[in-house]
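Notes for the one structure printed next.
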Amino acid sequence: MAGFQEPPLKKPKTDVNFVFNSHLPVQQSPIRGVNGHFNNKQHAGNFLFPKGPATFKPKVQGNGANRNTKSSDQLKILKQRHALPIFPARPRLLKELKKNDVVIVIGETGSGKTTQIPQYLHEERLDRKGAICVTQPRRVAAITIAKRVAEEMDTNLGELVGYSVRFEESVSPSTKLKYMTDGMLLREAISDPLLSKYSWVIVDEAHERTVSTDVLFGIIKDAQKSRKAFAKYPLRVIIMSATMDVDHFSNYFNKCPVLYIEGRQHPIEMFYAREKQEDYVLAAMSTVIQIHKEAPPQHDILVFLTGQEEIDAVVHNIRLIAKDNSLAEFPKIRVHALYAALPAHQQLDVFRATAAGERKVIISTNIAETSITIPGVRYVVDSGRAKVRNYLPGSGFDVLKVKKISQAQAWQRTGRAGRETSGFCYRAYTLEEFNAMAVNPVPEILRSNMSSVILQLLAMGIKNILTFDFIDKPSTEYVQQAVEQLTLLDAAKVVKSDMLELTETGKKMAQFPLDPRYAKILLSGPDYGCTDEVLTIVAILSSESIYTNPSGKKEAAVNARRKFSSMWCHENFLNYRNLSYTVEVRKQLVQVCQRCGISIVSCQQNLDSVRRCIIAGLFTNVAELQLGGKYLTLDSRQEAALHPASVLFGGKPAYVLFTELVHTGKTYMHINSAVDAQWLFETAPEYFRKRHIKI
DNA sequence: GAGCACTGC
């Protein structure tokens with residue numbers, strides 16, 4: 001089997017091309033953008049090689065908070081900064097950034113664009129009139145990058161460099177570089193649509209196309225225009241992304257320039273299965289064992305699989321295999337499972353350093369792809385079933401399917417080889433399969449319920465949703481459905497053709513970080529005297545599951561939950577992390593209630609009030625029992641069954657309310673409550689008048 | 001009698 005030579009001790013030298021306005025064919029194998037589309041177009045471009053780095057010294061240092069103790073560390077950091085692929089491009093980059101209102105920067109993970117560009121802007125004092133905001137799709141990323149940049153600038157976190165994510169903020173009036181989640185910036189835009197605090201907004205990981213980034217694009221364009229119109233200082237914008245088809249982005253931003261930063265610090269050697277694999281789990285396991293037999297100890301292996309159950313099974317099996325005599329001569333194996341639902345202490349286990357003569361094998365969901373980075377991993381095995389993106393620094397891999405190990409010549413090697421390689425990726429599917437994989441997946445915003453987005457846009461003063469400048473326009477049908485829902489909830493009203501306006505209720509609803517239907521439930525709390533109770537319910541509904549489902553203990557968990565007694569909470573399979581998060585959500589909702597003047601009252605165990613209050617937000621989610629014993633939803637008249645996990649399962653209430661429909665084997669109603677027909681009428685008379693419910 | 005994972009305010 002090819003390519004199991006020991007990775008080099010020598011640090012790879014980075015080759016850097018900085019290219020202006022050209023599409024660069026960066027690699028010999030097709031490049032796949034994170035969203036799975038190719039960008040291997042060949043264009044003749046202007047290759048602009050920078051003249052040479054090394055002379056630049058930052059004009060502006062940090063506040064020297066730790067100067068006495070850290071000076072040698074600071075030197076080391078400066079060296080590292082200068083070694084980044086982006087560094088030689090600094091002068092040209094700044095020139096273009098000064099010249100253009102919008103610039104797209106394409107760079108691989110590890111190029112340094114996220115940590116360096118904001119610092120370059122600050123060093124040049126281009127943030128004199130307002131702070132630099134850098135958005136990230138994920139909380140952890142915003143926090144960890146801010147910490148790193150604060151360290152590089154030798155300043156305390158929360159001073160010159162800060163971050164802002166939900167429930168956690170570290171900023172001060174002196175903060176100039178602010179890392180935040182894209183959702184957080186959208187929240188800010190409700191009270192300040194011009195984003196007037198900022199002179200620069202940098203949208204990072206734009207290729208991920210989250211709903212928030214897509215909406216931000218439109219907001220940013222609007223803000224740029226308005227700031228021009230009001231003769232305020234301009235808003236400068238940088239869109240940063242991994243390799244992708246940039247034409248769509250560039251066209252959207254008025255044919256703005258595209259800058260490419262090439263050069264990976266840690267090249268990855270790729271292997272593809274030579275033959276199609278029937279059983280990807282088996283293929284992944286056998287690959288692990290094969291690597292294990294050939295790689296030096298302490299070179300750890302990370303395996304991507306799909307789900308918890310599968311992962312637990314593979315962990316179990318590898319532990320069994322590891323005890324086999326035939327492996328006695330090889331390093332000792334330590335196997336870890338890693339997925340989001342795992343208790344925190346078990347997740348932390350993964351970070352324990354590998355001891356001499358030992359090897360760590362981590363079997364993970366794609367959580368290890370973006371949210372958790374494990375040091376020491378030299379080998380990645382990609383089963384092709386988990387959605388894998390940039391795990392090893394500088395790699396650009398994707399969805400795949402792995403290969404049976406037994407044949408030594410079973411791998412096809414692509415990409416750069418040899419000396420510079422700092423990691424290996426084994427893909428359990430063939431190059432042909434890789435090439436055939438989904439191109440251009442549909443952006444999330446085109447698949448989502450639009451009611452939250454529209455409520456937010458209306459709160460920012462955007463009245464015509466149909467003409468809002470989305471980079472990809474959601475279908476008129478989806479927009480209309482959402483508008484209808486907001487109208488039914490009394491959040492918005494049509495003022496004239498296609499023009500909408502928020503009602504007083506809607507203005508309050510927009511303040512809540514919730515689905516509009518849940519916000520409406522809270523607003524109705526005082527009417528039913530049960531704000532206190534619905535706050536708890538809505539907090540739970542809008543958080544991740546507070547339950548745990550350990551494999552092998554399924555039945556015990558189900559039985560424990562059925563008891564529903566005062567003892568129930570104690571050691572009964574509750575997910576501590578999510579439960580704590582839910583408590584935080586509830587606190588935040590209480591604060592928003594107080595700000596909106598919603599009185600927090602309790603109904604003292606009067607559960608009928610609670611159920612009636614829930615109807616106020618979820619009246620479109622009701623199903624009616626039919627003569628044959630099946631349920632039909634009243635909104636879209638589709639057949640739906642009570643989910644077996646529901647406490648109502650087995651019973652036959654005439655009307656049931658649900659939080660969502662889940663289409664699996666059948667259509668199931670999730671999280672139910674029995675409701676009275678009379679209540680439905682009283683709560684939403686216009687809606688139910690048309691629906692002929694029997695009282 | 002079920003059954004994917006992850007992310008955000």
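Keep in mind that what you see is a predicted model, and the values were worked out from it rather than measured. A, B, ... follow the sequence lines: proteins, then strands. Residue 1 opens every chain.
- Side-chain proximity of A:T365 to B:dT7, B:dC9, B:dC6: nearest is B:dC6.
- Contacts of A:F512 with the nucleic acid, taken as non-hydrogen atoms under 4.0 Å apart, are absent.
- B:dC9 atom P lies 9 Å from atom CD1 of A:I143, rounded to whole Å.
- If A:P513 and A:L338 are placed on DNA chain B by their nearest nucleotide, the residue sitting closer to the 5' end is A:L338.
- Taking the ring axis of A:F167 as reference, the NZ or CZ atom of A:K587 does not stay both within 45° of it and closer than 6.0 Å to the ring centre.
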Go through A:K507 and A:E504 one step at a time and tell me if the salt bridge (charged side-chain N to carboxylate O under 4.0 Å, His left out) criterion holds. CA-CA 5 Å; A:K507 283 178 195 162; A:E504 285 309 307; 3.1 Å; yes
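- At the phosphate of B:dG3, OP1 or OP2 sits under 4.0 Å from a side-chain N or O atom of A:H643.
- One interatomic measurement links the two molecules: CD of A:E660 to P of B:dC4, which rounds to 12 Å at whole-angstrom precision.
- Distance alone, capped at 3.5 Å, places no donor-acceptor pair between the A:K197 side chain and the A:A131 backbone.
- Of the listed nucleotides (B:dC9, B:dT7, B:dG3), B:dT7 has the atom at the smallest distance from the side chain of A:R138.
- Rounded to an integer number of Å, the gap from OH of A:Y280 to P of B:dA5 is 11 Å.
- Contact check, A:R187 against B:dG8: no side-chain N or O comes under 4.0 Å of OP1 or OP2.
- Within 4.0 Å (heavy atoms only), A:S212 reaches no atom of the nucleic acid at all.
- In this structure, CD of A:E544 is placed 12 Å from P of B:dC9, rounded to the nearest angstrom.
- A salt bridge links A:R586 with A:D532; the closest basic N to acidic carboxylate O contact falls under 4.0 Å.
- Residue A:D182 contributes atom CG, which lies 9 Å from atom C1' of B:dT7 at whole-angstrom precision.
- With rounding to whole Å, A:L648 atom CG is found 16 Å from B:dG1 atom P.
- Nearest to the side chain of A:M184, among B:dA2, B:dC9, B:dG1, sits B:dC9.
- The side chain of A:A340 lies closest to B:dC6 when the candidates are B:dC6, B:dA2, B:dC9.
- An OP1 or OP2 oxygen of B:dA2 is reached within less than 4.0 angstrom by a side-chain nitrogen or oxygen of A:Y668.
- Here the nucleotide nearest the side chain of A:I367, chosen from B:dC4, B:dT7, B:dG1, is B:dT7.
- Between the C1' atom of B:dT7 and the CD1 atom of A:I445 lies a distance of 15 Å, rounded to the nearest Å.
- Distance, A:N449 CG to B:dT7 P: 21 Å, rounded to whole Å.
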Could you walk me through whether A:Y163 and A:L157 satisfy the side chain to side chain contact (heavy atoms under 4.5 Å, CB included) test, starting with their C-alpha distance in whole Å, then the side-chain angles of each, then the deciding distance to 0.1 Å, before giving a yes or no? CA-CA 8 Å; A:Y163 66 84; A:L157 191 63; 3.6 Å; yes
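- Close to B:dG8, at under 4.0 Å from its OP1 or OP2, lies no side-chain N or O of A:T181.
- Using a 4.0 Å heavy-atom distance criterion, A:V165 is classed as a sugar-phosphate-only contact.
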